[in-house]
Amino acid sequence: METTETAQSPSADDRSAFPRIISVDDHTVEPPGVWQDRLPAGYRDAGPRIVRAPLKEMTFLGGKFAPVMGAPGDDGPVGDWWVYEDLHRPLTRLDTAVGYDRDEIRLEVITYEQMRPGSYDVPQRLADMDVNHVQSALCFPTFPRFCGQTFTEAADRELGLLSVRAYNDWMVEEWCGPAARGRLIPLTLVPLWDARLAADEVRRNAARGVRAVAFSEIPPHLGLPSVHTDDWDPFLAACDETGTVIAMHIGSSSRMPSTSADAPPAVGSTITFANCCFSMVDWLMSGKFERFPNLKVMYAEGQIGWIPYILERADVVWEENRAWGGVADKVHRPPSELFADHVYGCFFDDAFGLRNLDAIGVGNVLYETDYPHSDSTWPKSREVGEAQMGHLDADVVERIVRRNAIDLLGLTEDGLWAG
């Protein structure tokens with residue numbers, strides 16, 4: 001059963017007790033008209049659109065999500081499905097679980113009417129942010145998946161590029177438009193199949209104030225080059241030049257970590273940080289941070305407790321094994337130093353990581369709420385933060401909850417996106 005929370009702005013006393021949160025990892029569920037309203041008329045029949053249809057079957061095992069859409073009139077629960085070329089992807093309760101008791105959150109199809117309106121409606125989102133002591137939020141996509149790989153996997157590249165641009169226009173002009181009052185921070189996509197087109201899209205959006213772009217944690221899982229090649233250099237150069245942060249979300253390689261084909265989702269959910277771990281080592285050993293000194297990368301929903309050991313181990317490998325390890329000619333500083341200058345870990349519930357903050361770096365940590373997903377701390381993100389950060393000095397809490405995000409994303413001193 002959905003619970004009701006009343007939206008109200010925090011008082012001045014509330015704000016002084018715990019800083020207003022800037023969440024660097026929330027999500028938007030795209031409204032039905034995002035692409036149908038923006039694609040050229042000749043592409044709309046093939047472009048992303050919503051169809052209401054029954055579910056035939058759906059599994060989520062071994063880290064693989066496999067839904068099958070039924071035909072009109074078939075038996076089965078009815079949900080809203082995104083249809084794009086041959087792809088049929090339903091909206092599910094896991095896409096938007098806030099407001100529901102944890103024990104009632106199951107893998108099931110839903111319609112827009114069955115989700116909390118703040119999932120897709122800007123005024124309702126702002127109201128839910130007020131409930132949760134959140135001032136501003138950066139939102140990852142749902143249907144395009146976390147780095148737009150839906151469009152990379154499609155057959156029609158021209159339609160894919162148009163769809164990426166349409167999403168970005170909606171993100172900047174509507175989701176983060178005037179109604180958001182600067183409280184929603186744009187995160188855009190790029191056509192991952194072409195690094196030069198990706199660079200063009202970074203620059204197009206940077207010109208209108210965008211400072212964050214979604215990217216895959218492990219591109220080879222998508223059939224794309226790794227960060228150890230030069231293939232991504234045009235894209236990386238554009239990010240370096242424009243101060244655009246590369247934001248990587250768990251699952252942005254379309255492969256969640258698991259252990260076996262029959263492992264229940266709980267196994268993968270426990271080790272979701274693993275892809276971030278692997279990805280971070282890739283970047284630290286790639287030489288890219290020295291070639292592109294202004295690059296910044298962040299790992300959304302990866303938590304932070306694992307970071308100290310990985311940095312320790314990476315430094316040992318660099319110090320003792322770099323001659324035969326293939327990095328002596330391109331990584332000229334200890335990986336922990338590169339991390340301090342270029343990498344940000346993001347968390348919403350990590351008491352262990354906060355107890356080891358000195359080994360991570362106060363300036364390398366960002367806070368998030370993961371609204372409206374099942375892991376979200378909404379509407380208790382403030383309470384979680386207070387409980388886990390109570391041992392920290394007020395200025396450290398301020399940096400984690402607000403200041404680091406303001407500096408990284410180029411927000412105003414009030415923590416708003418100025419466009």
Side-chain angles (χ1 to χ4, degrees), residues 1-7 23 25-37 48-61 65-84 87-132 134 137 139-146 150 167 170-171 174-175 179-180 184 249 251 265-266 269 301 348 369-381:
M1 177 181 295
E2 186 173 11
T3 58
T4 301
E5 298 288 343
T6 302
S23 174
D25 170 33
D26 286 355
H27 298 264
T28 178
V29 176
E30 299 80 17
V34 169
W35 290 276
Q36 292 299 299
D37 293 346
R49 58 203 181 278
I50 284 290
V51 173
R52 186 159 292 186
L55 172 70
K56 186 175 182 180
E57 61 180 273
M58 180 164 58
T59 59
F60 190 13
L61 292 172
F65 177 50
V68 179
M69 188 175 78
D74 285 352
D75 292 334
V78 173
D80 285 333
W81 296 69
W82 282 105
V83 176
Y84 171 49
L87 176 65
H88 299 143
R89 198 280 192 192
L91 299 179
T92 75
R93 177 56 62 210
L94 300 187
D95 293 329
T96 171
V98 291
Y100 285 80
D101 184 272
R102 297 290 192 189
D103 290 336
E104 294 181 353
I105 300 171
R106 298 178 176 85
L107 182 62
E108 60 183 350
V109 297
I110 61 171
T111 66
Y112 280 93
E113 291 81 4
Q114 293 172 306
M115 69 176 70
R116 194 170 181 91
S119 302
Y120 59 86
D121 178 83
V122 170
Q124 292 294 325
R125 172 60 64 94
L126 299 185
D128 278 355
M129 289 163 62
D130 286 339
V131 168
N132 202 29
V134 173
C139 296
F140 283 82
T142 296
F143 168 70
R145 310 217 297 286
F146 295 146
T150 292
Y167 177 87
W170 169 80
M171 169 60 63
E174 292 200 31
W175 185 251
L184 295 174
H249 194 286
S269 185
E301 209 172 317
F348 57 80
T369 78
D370 197 30
Y371 179 106
H373 284 180
S374 60
D375 265 345
S376 178
T377 51
W378 186 93
K380 305 295 184 182
S381 299

Under 4.5 Å between any side-chain heavy atoms of E108 and Q114, yes or no? no

Let me confirm one number: the CE-OH distance from M115 to Y100, rounded to the nearest 0.5 Å. 9.5 Å

Are the side chains of V134 and D128 in contact, using a 4.5 Å heavy-atom criterion? no

Which value, rounded to the nearest 0.5 Å, describes the distance between H249 atom NE2 and H27 atom NE2? 3.5 Å

Apply side-chain hydrogen bond (donor to acceptor under 3.5 Å, both in side chains) to T28 and list each qualifying residue two or more places apart in sequence or on a separate chain. none

Sequence neighbours excluded, which residues qualify as side-chain hydrogen bond (donor to acceptor under 3.5 Å, both in side chains) partners of T142? none

With side-chain contact (heavy atoms from CB on, under 4.5 Å) as the test, would you mind laying out the steps for S23 and Y371 before giving the verdict? CA-CA 9 Å; S23 174; Y371 179 106; over 6 Å; no

So, using side chain to side chain contact (heavy atoms under 4.5 Å, CB included) as the criterion, who are the partners of P123 when residues are at least two apart? D121

Parallel, tilted or perpendicular for H373 and F146, by the 30°/60° rule? tilted

So Y120 and P32, do their side chains get closer than 4.5 Å, heavy atoms only? no

Is there side-chain contact between W378 and M129, with heavy atoms separated by less than 4.5 Å? no

With sequence neighbours left out, the residues meeting salt bridge (Lys or Arg N to Asp or Glu O under 4.0 Å) with D80 are R52

Give a yes or no on whether the backbone of P48 and the side-chain of Q36 come within a donor-acceptor separation of less than 3.5 Å. yes

Only counting residues at least two apart or in another chain, list the ones meeting side-chain hydrogen bond (donor to acceptor under 3.5 Å, both in side chains) with S119. T96

Taking all atoms of both residues into account, what is the closest heavy-atom pair of G118 and W175, and its distance? O-CH2, 4.3 Å

So, do V29 and Y112 sit near enough that their side-chain heavy atoms are less than 4.5 Å apart? yes

The criterion is side-chain hydrogen bond (donor to acceptor under 3.5 Å, both in side chains); which residues satisfy it with T59, sequence neighbours excluded? none

Between S376 and D370 the two heavy atoms that sit nearest each other are CB-O, 3.3 Å

Taking every heavy atom of V109 against every heavy atom of P90, the minimum-distance pair comes out as CG1-CB, 3.6 Å

Mind checking the CZ-CZ spacing from R145 to F140? Nearest 0.5 Å is all I need. 15.0 Å

Just to verify, what does R125 make a salt bridge (Lys or Arg N to Asp or Glu O under 4.0 Å) with, not counting sequence neighbours? none

Set of residues satisfying salt bridge (Lys or Arg N to Asp or Glu O under 4.0 Å) with respect to E174, sequence neighbours excluded: R38

Could you tell me which residues satisfy ring-ring contact (aromatic ring centres under 6.0 Å, His included) with F348, sequence neighbours excluded, listed by chain and number? none

Pairing residues for W82 by the ring-ring contact (aromatic ring centres under 6.0 Å, His included) criterion, not counting sequence neighbours: W35, F143

Got a sec, which residues hit side chain to side chain contact (heavy atoms under 4.5 Å, CB included) with D74, two or more places apart in sequence or on another chain? P54, A71

Please report the closest heavy-atom contact between D26 and T369, naming both atoms and the distance. OD1-OG1, 2.7 Å

Interatomic distance, R106 atom CZ to L94 atom CG [nearest 0.5 angstrom]: 11.5 Å

Assign the ring pair W81 / H88 to parallel, tilted or perpendicular, where the plane angle (0 to 90°) is split at 30° and 60°. perpendicular

What's the shortest heavy-atom distance between C139 and L184, and which atoms? SG-CD2, 4.4 Å

According to salt bridge (Lys or Arg N to Asp or Glu O under 4.0 Å), who are the partners of R89, at least two apart in sequence or on a separate chain? D95

Less than 4.5 Å apart, side chain to side chain, heavy atoms only: is that true for E30 and Y167? yes

